[in-house]
Amino acid sequence: MQINQESFNEIKRTILKNRFTKMNEMQKKAIFKVNGPVLILAGAGSGKTTVLVNRIANMLNFGDAYHNNYISEYVTNEDNDYLKSIENSNDYDVERFKDAIKVNSINPWNVLAITFTNKAANELKGRLQSLLGDVALNINAGTFHSVCLKILRREITRLGYSSSFTIYDTDDSVRTIKDCLSDLATDDKMFPPKAMLGEISRSKDAMISPSDYLAQNSEDFRKKVIGNIYTLYQKKLKSSNAVDFDDIICLTVKLLVEFPDVLEHYQNLFKYVLVDEYQDTNHVQYKLVTLLSQRSKNICVVGDDDQSIYKFRGATIENILNFEKEFEDATVIRLEQNYRSTQNILDAANGIIKHNTERKGKNLWTANGVGEKITAYRCPDENSEAQFVANKVTESVENGLKFSDNAVLYRMNAQSANIERYFVKSAIPYRIVGGTKFYERKEIKDILSYLHIIDNPYDIIRLKRIINEPKRGIGDTTVKNVEAIADKLSLPMYEIMKSANDYDLISKKSSSLIDFTNMIEELTELNKTLCLAELLENLMEKANYHAYLKAQGKEGEVRLENIEELKSNLIKYSEENENPTLQGFLEEVSLYTDLDNLNDTEDKVTMMTMHSAKGLEFKNVYVVGMEENIFPSFLSAASDVELQEERRLAYVAVTRAKEHLYITNSAQRMLFGRTSRNMPSRFLKEIPDELVDIIDETVKAYGYSPRPEKAKPVYKPEIEGTVGVSRPVEKAVVDFGVNDTVSHKIFGKGKVKSMTKMSNDTLVEVSFDKVGTKKIMANFAKLEKI
DNA sequence: GCTGGACATTTTTTT
DNA sequence: AATGTCCAGC
């Protein structure tokens with residue numbers, strides 16, 4: 001064999017590179033670096049998912065062929081010639097090429113790709129499938145929670161749970177905590193359930209067990225109480241055969257830590273681990289990932305420290321900042337070329353984010369050109385803000401864009417209502433993501449609880465939720481009694497109810513109780529023969545839920561419609577799965593969020609929080625409510641760490657825009673039932689002036705501009721926050737009433753149509769002769785009676 | 001055990 | 001503003 005090894009490898013690499021000709025050099029580097037720890041710092045819009053998908057494709061097809069210089073002794077001169085012949089061609093037989101370079105490709109089932117959200121997981125799976133075909137189905141791709149669930153279903157019996165465990169969502173968990181508090185006779189004012197759950201969650205994240213917690217905090221009275229709550233909470237979960245969201249991850253880690261054979265099994269299975277959105281991982285998740293990749297060291301994490309926005313739920317930015325320390329000789333690859341936005345938008349984003357101190361530092365650039373300026377719009381109230389957005393959306397559609405090219409982003413869901421109203425007025429189709437979620441509606445949670453009880457009658461929380469819903473004469477006292485007996489005998493409540501006649505304490509109520517368990521038994525039988533949708537119909541009748549909703553009038557109608565939608569979800573699930581089971585459906589629902597059905601193709605404007613928008617992109621983006629106290633949120637004002645997180649959120653929001661970015665803020669707005677007046681957000685001021693077109697509709701009316709400290713240093717720069725606080729508003733004299741004629745400095749003469757008393761002000765609706773009807777706050781408008 | 005009304009509380013982001 | 005929680009009275 002007279003093959004020139006060097007030139008053989010050269011040619012091999014050229015051919016491999018040509019397969020990814022659309023990728024830039026950095027992206028190619030990420031694709032070919034298959035073995036060993038790799039950190040990919042991927043800026044917003046830098047083609048992160050494309051890189052992940054192509055990297056996996058390269059792994060499955062060519063393994064480490066690019067970097068491995070080994071040449072098999074079976075490589076022939078003919079092979080060598082074949083390589084030369086296809087060096088500059090894109091049209092060749094891939095199998096022949098693979099055979100010629102004799103690569104060891106990687107099995108799809110040895111690849112584990114973890115994402116953070118279902119949406120990201122679905123996108124990843126979809127793109128892998130379209131690139132690789134059905135081979136992609138064998139890749140282990142999913143969210144942290146879904147991956148861990150698979151492991152738990154197989155192994156959890158080692159921890160004393162049954163493998164048919166159910167999953168408690170946050171609401172179920174809070175209810176459990178409340179039960180713990182009442183069992184322990186603890187005051188829920190001193191120990192608020194949500195805060196308790198937070199503390200427990202943090203402990204689980206740090207892998208502190210209830211007994212560890214008590215041992216570590218034996219001195220502190222308060223923490224001792226919390227430790228007891230934690231202990232009882234965990235006991236209750238276990239006796240309900242339930243796990244909460246945190247357990248899903250931390251029980252998996254526990255399995256890996258305590259059972260070496262389990263660890264070894266999964267280390268051998270998941271030889272190549274990829275983690276998306278690594279900046280959002282918390283400590284247990286980090287632990288999970290490191291445990292799995294400890295042996296192979298083949299771990300590739302992708303993330304952007306500037307887009308870390310989930311610290312509030314335990315994500316630690318340190319995971320990404322410390323990756324290089326954790327994994328020595330890690331290869332760090334920066335993807336800084338942005339393919340999404342204009343230079344103006346990127347400059348704005350860079351201008352904002354550079355005010356943060358804790359960051360790895362990178363600078364996005366693009367070849368897309370400068371683009372249009374950013375529009376900063378300041379207006380007198382939230383109605384003109386909504387009107388502005390509606391107008392601009394309409395305008396964009398008139399100019400040939402689709403409604404779906406527009407997205408409205410806000411800090412909190414409460415802000416959507418007003419925009420919504422104006423969209424309805426302007427006949428703009430829209431879709432709201434998040435907010436009150438479908439699976440959080442009461443009727444849906446109720447029906448799901450019934451289904452859960454059919455699946456697992458020992459689930460205490462779900463049982464208590466529906467035992468008297470609709471009313472069937474089993475009140476709190478009876479439930480308490482059943483519970484007490486169950487506790488004393490260490491038997492499940494459900495079993496006590498079944499034999500209610502045997503216990504004096506509840507024998508009076510035995511008929512109601514046994515009716516209930518009989519109903520569940522019947523439904524459990526039906527579940528064996530009927531399909532899921534039929535089961536639901538039977539449930540609605542037997543539980544009397546249908547009649548219960550029917551009796552609620554109009555509201556009940558809506559709820560029945562929601563149940564119908566649940567039914568179609570059941571049907572959809574049954575069609576999509578080869579072996580549909582009740583348990584399978586319930587599990588799918590547990591991990592489902594509204595974000596997941598976003599990828600539909602309807603032409604509607606998308607409205608959502610900035611958090612939900614991560615990973616998405618739109619031609620036109622409207623970031624509304626860019627005001628101090630709203631964004632950044634007043635809750636984060638005190639802490640620099642939290643302000644930095646808010647700033648990262650601003651960075652995420654701004655970088656969603658491809659072509660035009662609108663940022664709006666309002667001099668005053670109604671929120672949470674009161675009128676507040678806020679300064680423009682500091683983030684707005686961090687955007688370099690020359691990138692921004694300012695439209696200010698408050699100058700005329702109120703005499704100040706959106707950038708007070710630059711334009712008119714009347715208000716001292718150190719005064720941030722609510723203007724109303726630093727500059728007390730004098731109460732206007734309201735000496736007029738409905739139908740009086742009044743005059744306004746700018747709008748001229750008009751007739752008062754209505755007056756609505758607000759918390760500390762009066763909303764006056766005036767029909768002006770020249771400008772039509774306006775709504776005005778009396779304290780601001782200085783209306784004079786004529 | 002149930003109902004309705006007063007009262008309070010909460011309004012960040014999510015698997 | 002909107003929803004949940006508590007409590008008195010039936």
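Separating the CZ atom of Phe116(A) from the C1' atom of dT15(B) is a distance of 7 Å, rounded to the nearest angstrom. In this structure, the NZ atom of Lys194(A) is 11 Å from the P atom of dT13(B), given to the nearest Å. For the pair Leu649(A) CG and dT14(B) P, the interatomic distance rounds to 10 Å; values are reported in whole Å. Between the C1' atom of dT15(B) and the CD atom of Glu277(A) lies a distance of 13 Å, rounded to the nearest Å. Residue Asn418(A) contributes atom CG, which lies 12 Å from atom C1' of dA1(C) at whole-angstrom precision. Residue Met412(A) contributes atom CE, which lies 15 Å from atom P of dA1(C) at whole-angstrom precision. Rounded to an integer number of Å, the gap from Leu513(A) CG to dG1(B) C1' is 13 Å. We find that CG of Leu197(A) is positioned 16 Å from P of dT14(B), with the value rounded to whole Å.
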With 3.5 Å as the limit, what N/O pairs link the protein to nucleotides 3-6 of chain C?
unit_1	atom_1	unit_2	atom_2	d
dT5(C)	OP1	Lys178(A)	NZ	3.0

With the criterion being N/O to N/O and under 3.5 Å, what pairs connect the protein with nucleotides 8-10 of chain C, and how long is each?
none

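Taking the side chain of Thr477(A) as heavy atoms from C-beta on, and the options dG1(B), dT3(B), dT15(B), the nearest nucleotide is dG1(B). With dT3(B), dG1(B), dT11(B) as the candidates, the nucleotide lying closest to the side chain of Thr478(A) is dG1(B). Nearest to the side-chain atoms of Thr609(A) among the listed nucleotides dT3(B), dT15(B), dT13(B) stands dT13(B).
Salt bridge present: Arg465(A) and Asp171(A) bring a charged side-chain N and a carboxylate O closer than 4.0 Å. Of the charged side-chain nitrogens involved, none lies within less than 4.0 Å of a carboxylate oxygen, so that Lys480(A) and Glu483(A) do not count as a salt-bridged pair. Under the 4.0 Å criterion applied to side-chain N and carboxylate O atoms, Arg462(A) and Asp172(A) are assigned as salt-bridge partners. Salt-bridge annotation for Asp306(A) and Arg648(A): absent, with no side-chain N of the basic residue lying under 4.0 Å from a carboxylate O of the acidic one. A salt bridge links Glu469(A) with Lys442(A): the distance from a Lys NZ or Arg NE/NH1/NH2 to an Asp or Glu carboxylate oxygen falls below 4.0 Å.
Under 4.0 angstrom from either OP1 or OP2 of dT15(B) there lies no side-chain N or O belonging to Asn282(A). At dT15(B), none of the side-chain N or O atoms of Ser146(A) fall inside 4.0 Å of OP1 or OP2 (strictly under the cut-off). OP1 or OP2 of dT15(B) has not a single side-chain nitrogen or oxygen of Thr170(A) nearer than 4.0 Å. Taking only side-chain nitrogens and oxygens, Asn413(A) comes nearer than 4.0 Å to OP1 or OP2 of dT13(B).
Ser590(A) comes within 4.0 angstrom of nothing in the nucleic acid, heavy atoms only. Within 4.0 Å (heavy atoms only), Asn468(A) reaches sugar-phosphate atoms of the nucleic acid but no base atom. As judged by a 4.0 angstrom heavy-atom cut-off over every strand, Tyr310(A) is placed among residues touching the sugar-phosphate backbone only. Using a 4.0 Å heavy-atom cutoff across all strands shown, Ser633(A) reaches no nucleic acid atom at all.
Side-chain polar atoms of Glu385(A) and Ser666(A) form no donor-acceptor pair below 3.5 angstrom. Between the side chains of Gln644(A) and Asp640(A), at least one donor N or O sits under 3.5 Å from an acceptor N or O.
A cation-pi arrangement, defined by a distance under 6.0 Å to the six-membered ring centre and an angle within 45 degrees of its axis, is absent between Lys236(A) and Tyr233(A).
Residues Val389(A) and Tyr422(A) have side chains not in contact (no heavy-atom distance under 4.5 Å, counting atoms from C-beta outward).
Atom NZ of Lys254(A) sits in a sparse spot, with 12 or fewer heavy atoms from other residues, nucleotides or ligands closer than 6.0 Å.
Residues Lys509(A) and Ser636(A) each lie close to DNA chain B; by heavy-atom proximity, the contact nearer the 5' end of the strand is made by Lys509(A).
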